[in-house]
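Sequential numbering from 1 along the given sequence is applied to the chain's residues. Basis for what follows: all heavy atoms, side chains included, without hydrogens, waters or symmetry-related copies.
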Amino acid sequence: MCRSIKTLRPPVLPDEATDDDIHAAALQYVRKVSGFRAPAAHNREVFDRAVAAVAEATAELLGGLEVRGRSARPAGPTGPA
């Protein structure tokens with residue numbers, strides 16, 4: 001697929017994936033699938049929504065993975081919303 005996207009889970013990534021890491025991977029994915037490095041103005045909104053959706057799905061995936069019996073990424077803050 002896209003060789004620019006790196007594996008974001010431990011132990012491949014020595015530290016936890018940051019939000020910036022996740023966003024960068026999502027952006028690369030959407031660029032590859034859409035065929036646009038930078039979309040035209042009339043496609044910007046749908047492009048940005050796709051990046052956000054892929055980033056959210058990626059964070060959910062990483063948060064749910066168990067690597068060697070531990071969570072790959074700590075759960076977000078808990079408490080009242």
Side-chain angles (χ1 to χ4, degrees):
M1 169 86 192
C2 186
R3 293 184 181 135
S4 300
I5 300 173
K6 63 184 178 179
T7 300
L8 298 181
R9 69 161 177 80
V12 176
L13 186 66
D15 298 316
E16 304 274 332
T18 65
D19 289 341
D20 287 341
D21 293 329
I22 292 170
H23 182 267
L27 180 59
Q28 286 298 326
Y29 175 81
V30 172
R31 284 176 172 169
K32 183 69 167 188
V33 171
S34 70
F36 296 116
R37 185 181 184 320
H42 63 277
N43 287 325
R44 170 60 63 188
E45 185 179 342
V46 71
F47 187 91
D48 290 345
R49 280 196 320 260
V51 172
V54 171
E56 183 177 336
T58 301
E60 183 179 335
L61 170 67
L62 293 173
L65 290 176
E66 288 189 19
V67 180
R68 295 185 186 152
R70 65 181 174 87
S71 290
R73 183 173 166 92
T78 58

Please say yes or no: joined through hydrophobic side-chain contacts below 4.5 Å, possibly via intermediate residues, are V33 and V54 part of one cluster?
yes
Please report the shortest heavy-atom distance between [X] and [Y], naming the atom on each side.
X	Y	result
R37	F47	O-CZ, 4.3 Å
A55	A26	N-CB, 3.6 Å
P39	N43	CB-CB, 3.9 Å
L62	A17	CD1-CB, 4.0 Å

Which residue, L27, T58, L61, forms the side chain to side chain contact (heavy atoms under 4.5 Å, CB included) with I22?
T58
Residue pair D21, K6: steps toward the side chain to side chain contact (heavy atoms under 4.5 Å, CB included) verdict
CA-CA 9 Å; D21 293 329; K6 63 184 178 179; 3.8 Å; yes
